[in-house]
There are 2 protein chains.
Amino acid sequence: MPEAIKAATEHRRDAQGTRRLLLDAASELFAERGYERATVRDIAARAGVNQALLFRYFGTKKALFGEVMARGGHEQLRTTPAERLFEVALRGMLAEGGGPGTDRSLEVCLRSIGGSDEIAEALRGLGDEYAEVLATLSRADDGALRGDLALAWLLGIGLMRVVVGKEPLAGADPDTICRLVVGALGALLEDMPQGS
Amino acid sequence: MPEAIKAATEHRRDAQGTRRLLLDAASELFAERGYERATVRDIAARAGVNQALLFRYFGTKKALFGEVMARGGHEQLRTTPAERLFEVALRGMLAEGGGPGTDRSLEVCLRSIGGSDEIAEALRGLGDEYAEVLATLSRADDGALRGDLALAWLLGIGLMRVVVGKEPLAGADPDTICRLVVGALGALLEDMPQGS
DNA sequence: CCCTTGTGTAAGCACCTGCTTACATACCGT
DNA sequence: ACGGTATGTAAGCAGGTGCTTACACAAGGG
């Protein structure tokens, strides 16, 4: 019986495997509850792992959070052309949940903001990468500011929809939202494609 | 010596006075740290009051939060004409801090989101009132959704600026931000005045 | 004057948090 | 086979949280 199968079916001793279990569980719980309200005990329990291992492999809850944030989000940034990034990210946030493989970094951001200053700093990193790409969509000399404003709208929509659950936004059709937002952003980012 | 003066200058026994001291201190700390990270001990300490009184007068930390949220924010809503509400609220958020009398409800919202589901529900109340007014600025039949989107942008900008501190947004001139945002919103809310 | 009532105070309770330690056990090179 | 090491486990520690309780004291009326 190969190692991989054994590790998946029963509790074998596999450091890399349990590390990944912890990362997956942490990613889910951070997205659902935010940094503060996701306790190390809950994360270890969802991973089906003793909580002491969490500290053996990551040292600190904050370090675990850092690894979670570093793991996700970057593929979307690299694989999406700049002029489509806003719409792709917006639709990803509007989809909510999705499969276990989907990137929930932005959701983690939203729910963890306000937790502590170090967390806000970690989030600024991801924000910088997004805003940098969005900034290229404007030829104005304050393109960076315009990119920040677009990103702010993206986060605000996620905030109202996913975290607050404000109606009618929370129940609105993603296509409708996309059309309205992308249309209004045309005044800000001239190189944003208007066709849905 | 009248009671009011005595209460202000020294520690007299004045239930209404200490109640107000607690409300003021709670408003400040909730705005600075959010709901979870503002502890009842810190609130009582800033008010210069024993923490047991906090529970005598409000019963629960959550109830205190409710009173703080109910107290502020509504004047701005009632005294501002609809077509100016967005810009006034945006400028209020961009001002950051301000005098002790300024309304920091939106800041409290931003920093407390993700704290708990009950908090999110309390915030939805304030959001509903703002969005309802903003919805009147569009003659489209999905005006309510457009109002939500405008409010989302408002909150998103506050999030990036006040909580995350993302540059260049955090250091940008409020007038510039207002001009860019209000201009872009013209496509969404037809009755939004474009002149700054 | 004393006694009730409202106000302020100190101490503590029960619980939860991130994190650590001392120990059991499975794996692997020799 | 066996001993050392990597992996998993249970229990607990120190500190912080919201909240409660038992008590001290001022004020006002009889």
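FYI, side chains are in, hydrogens and waters are out, and symmetry mates aren't considered; it's all heavy atoms of this structure.
- Note: CG (Asp14(B)) to C1' (dG6(C)) measures 12 Å, nearest angstrom.
- Across dT7(C), dT7(D), dG18(D), the shortest atom-to-atom separation from the side chain of Lys61(B) is found for dG18(D).
- Here dA11(D) presents its P atom at 11 Å from CG of Asn50(A), a figure rounded to the nearest Å.
- Counting only heavy atoms from C-beta on, Thr39(A) has its side chain closest to dG18(C) among dG8(C), dG18(C), dG6(C).
- Nucleic acid contact for Ala15(B): sugar-phosphate only, since backbone atoms but no base atoms lie under 4.0 Å from a heavy atom of the residue.
- Note: OH (Tyr35(B)) to C1' (dT17(D)) measures 11 Å, nearest angstrom.
- Rounded to whole Å, the distance from CD on Glu36(B) to P on dT17(C) is 11 Å.
- In this structure, CD of Gln16(B) is placed 16 Å from C1' of dG8(C), rounded to the nearest angstrom.
- If you find the closest nucleotide of DNA chain D to Arg56(A) and to Arg41(A), the one lying nearer the 5' end belongs to Arg56(A).
- Here the side chain of Arg13(B) is nearest to one of dG8(D), dA26(D), dC19(C), namely dA26(D).
- Ser27(B) and Asp24(B) share no donor-acceptor pair across their side chains, judged by distance under 3.5 Å alone.
- Taking atom CD of residue Gln51(B) and atom C1' of nucleotide dC19(D), one finds them 8 Å apart after rounding to whole Å.
- Rounding to the nearest 0.5 angstrom, the gap separating the CG atom in Leu137(B) from the CD atom in Glu83(B) is 7.0 Å.
- Rounded to an integer number of Å, the gap from Tyr57(A) OH to dT20(C) C1' is 16 Å.
- Applying the 4.0 Å criterion to OP1 and OP2 of dG18(C), one finds that Thr60(A) has every side-chain N and O outside that range.
- Between Phe65(B) and Tyr35(B), the two ring planes are perpendicular [angle over 60°; tilted spans 30° to 60°].
- Side-chain polar atoms of Ser138(A) and Glu190(A) form a donor-acceptor pair below 3.5 angstrom.
- As a whole-Å value, the separation of Phe55(A) CZ from dA10(D) P is 17 Å.
- The aromatic rings of Trp153(A) and Trp153(B) lie parallel to each other, with less than 30° between the two planes, well short of the 60° mark.
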